[in-house]
S.K.: 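One structure coming up, written as structure tokens, with questions to follow.
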Number of protein chains: 2
Amino acid sequence: MGKRILKHAILGLLSKKDMSGYDITGEFKEEIGQFWSAKHSQIYIELKKLLSENLISQYIEISGEKLERKMYSLTSDGKNELDQWLTVPEDTIETEKDVFILKLYFINHIPKDRIEALFSNQYNIRSAKLTYLREQYQHFFGEQHPLEIASDQLGQYLVLTKAISREKSYIDWLSQSLELIRKRK
Amino acid sequence: MGKRILKHAILGLLSKKDMSGYDITGEFKEEIGQFWSAKHSQIYIELKKLLSENLISQYIEISGEKLERKMYSLTSDGKNELDQWLTVPEDTIETEKDVFILKLYFINHIPKDRIEALFSNQYNIRSAKLTYLREQYQHFFGEQHPLEIASDQLGQYLVLTKAISREKSYIDWLSQSLELIRKRK
DNA sequence: CTTACCATGTAAGCTGTTACATGATTGT
DNA sequence: ACAATCATGTAACAGCTTACATGGTAAG
């Protein structure tokens, strides 16, 4: 049996508030999407499975005239399952896959005049992401001192600062490595 | 159609030297395993596929009396496919999934007295990994100046320094975050 | 009216893990 | 003898992506 991460991610999201499959799909485009995500096709299937496992319950909301939104709530079984999952430490770390770095492992096969383009492409994507993440930070936490952050925002704070730290470190390494490669020419 | 990363990872590995499925499985336990990996069951299947696509060729080597090793070589088609793949920049970045951080997003559901254990567990795993990576660096590059690294080791150097940078950044963030959480108590 | 977004679902196919299965070789 | 490692493979299942498919709502 797999580790059912998506299952628990959905239970976690529903612990914050009732949501539809569409809402959950949207959540994975926000901060938490930096660390887990899924497509709507997978989410709708998982919701059906969770419903049949009695970990969530369903009710219908109508938007406008007749547009149905299937809303889901955590059941007490679902809450227990979530709590249980959250307390168990991860015993191993999965390979954190990165195709760009995989390609660099074979850098001696990349034409010299293409290397800079690959690096700057990656630099641009990562910089844009970092800018976006810093805007999010500014939006939610502004000049607020970390010690003053409300308990119900702590998770979001941790995820955002981790994502920012990850991108900053990535960009620093990119700059250093490109500089090294230029000097070697 | 998928992106066939494993396909290209195998072509890349075979560009360095002829290998068996077993050898390739072993490679994914070394440095490159920090950024891509696969189990032997998947590798043997992929090798058959690559063989049928004429991107690699096969010959048999005997170890000892009768233990067969099926060795694979890149064909010129395979080399072309690899070169082509290496030159194309990644247009998007996949979600870099991290279950530990996903759990932290739901930190307000984690009992206070379990949080430190989760952090220190992660700290220990990451520290062990960093120590291992630094040993690898020491082993391969020692006190050597980065500018003096041979071209055929540049890929390995980049992968190792990236992995070290990633773990260092992760550990720093863990320490800072745990400190913050302790102060909030 | 038309575009963007809201909303849900299924089908096909590829990717990846776990478990099952077998046998050879090397070192103690 | 025994264990660890070398070496290859298949089967079943779980996870995930892409494409197909449909219809409602809100704003300009």
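Letters go in sequence order (proteins before strands), and every chain restarts at 1.
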S.K.: Which residues in residues 41-64 of chain B have a heavy atom closer than 4.0 Å to any atom of DNA chain D?
M.R.: B:Ser41, B:Tyr44, B:Lys48, B:Ser63
S.K.: Strictly by side-chain hydrogen bond (donor to acceptor under 3.5 Å, both in side chains), give each pair with a member in residues 40-50 of chain A just once, sequence neighbours left out.
M.R.: A:Arg4-A:Glu46
S.K.: Hey, is B:Arg166 close enough to B:Glu96 for a salt bridge, meaning N to O under 4.0 Å?
M.R.: no
S.K.: Which parts of residues 28-37 of chain A get close to DNA chain D, meaning a heavy atom less than 4.0 angstrom away?
M.R.: A:Trp36
S.K.: Would you kindly compare A:Ala38 and B:Gly21 by the position of their nearest DNA chain D nucleotide and give the one closer to the 5′ end?
M.R.: B:Gly21
S.K.: Could you tell me the separation between the NZ atom of B:Lys39 and the C1' atom of C:dC20, rounded to a whole number of Å?
M.R.: 16 Å
S.K.: How close or far is atom P of D:dA11 from atom NE2 of B:His40, stated in whole angstroms?
M.R.: 14 Å
S.K.: Could you identify which residues of residues 79-99 of chain B place a heavy atom less than 4.0 Å from some atom of DNA chain D, listed by residue number, or say none?
M.R.: B:Lys97
S.K.: Going by side-chain hydrogen bond (donor to acceptor under 3.5 Å, both in side chains), name the residues that satisfy it together with A:Glu68, two or more places apart in sequence or in a different chain.
M.R.: none
S.K.: Nearest whole angstrom, please: distance from the P of C:dC6 to the CE of A:Met71.
M.R.: 14 Å
S.K.: Just checking B:Lys97: does its NZ atom have more than 12 heavy atoms from other residues, nucleotides or ligands closer to it than 6.0 angstrom?
M.R.: yes
S.K.: Could B:Arg126 and A:Glu90 be called an ion pair, given the rule that one side-chain N must be under 4.0 Å from one carboxylate O?
M.R.: no
S.K.: For B:Glu148, check side chain to side chain contact (heavy atoms under 4.5 Å, CB included) against everything at least two apart and list the hits.
M.R.: B:Gln144, B:His145
S.K.: Calculate the interatomic distance between B:Lys66 atom NZ and C:dT25 atom C1'; express it in whole Å.
M.R.: 11 Å
S.K.: If you measure only the distance, is there a donor-acceptor pair under 3.5 Å linking the side chains of A:Ser169 and B:Ser165?
M.R.: yes
S.K.: When you check the gap from the basic side-chain N to the acidic O, do A:Glu30 and A:Lys16 get nearer than 4.0 Å?
M.R.: no
S.K.: Which whole-number value in Å describes the distance from B:Glu68 CD to C:dA24 P?
M.R.: 11 Å
S.K.: State which residues pass side-chain hydrogen bond (donor to acceptor under 3.5 Å, both in side chains) with A:Tyr105; sequence neighbours excluded, sorted by chain then number.
M.R.: none
S.K.: Any side-chain heavy-atom pair from A:Gln122 and B:Ile93 closer than 4.5 angstrom?
M.R.: yes
S.K.: Need the bend value for the helix from C:dC1-D:dG28 to C:dT28-D:dA1: angle between end axes, 5 pairs each end, nearest 10°.
M.R.: 30°
S.K.: Which one, D:dT17, D:dG15, D:dG9, comes nearest to the side chain of A:Arg4?
M.R.: D:dG15
S.K.: Among the nucleotides C:dC6, D:dT8, C:dT25, which one has an atom lying closest to any side-chain atom of A:Leu67?
M.R.: C:dC6
S.K.: Return the set of residues passing side chain to side chain contact (heavy atoms under 4.5 Å, CB included) with B:Asn108 (not counting sequence neighbours), or none when no residue passes.
M.R.: none
S.K.: Would you jot down, in residue-number order, the residues of residues 5-15 of chain A having a non-hydrogen atom under 4.0 Å from DNA chain D?
M.R.: none
S.K.: Do B:Asn121 and B:Phe100 come close enough that some side-chain heavy atom pair is under 4.5 Å?
M.R.: no
S.K.: Pairing donors with acceptors under 3.5 angstrom, does anything connect the side chains of A:Lys79 and B:His109?
M.R.: yes
S.K.: Report yes or no: is the cationic atom of B:Lys162 (NZ for Lys, CZ for Arg) closer than 6.0 Å to the six-membered ring centre of A:Tyr170, at no more than 45° off its axis?
M.R.: yes
S.K.: Taking 4.0 Å as the cut-off, does a side-chain nitrogen or oxygen of A:Tyr22 come that near to OP1 or OP2 on C:dC6?
M.R.: yes
S.K.: Nearest-Å distance, CZ (B:Arg69) to P (D:dG9)?
M.R.: 13 Å
S.K.: For B:Asn54, check side chain to side chain contact (heavy atoms under 4.5 Å, CB included) against everything at least two apart and list the hits.
M.R.: none
S.K.: Under the side chain to side chain contact (heavy atoms under 4.5 Å, CB included) rule, collect the residues that match up with A:Tyr123, sequence neighbours excluded.
M.R.: A:Ser127, A:Ile171, A:Leu174, A:Ser175
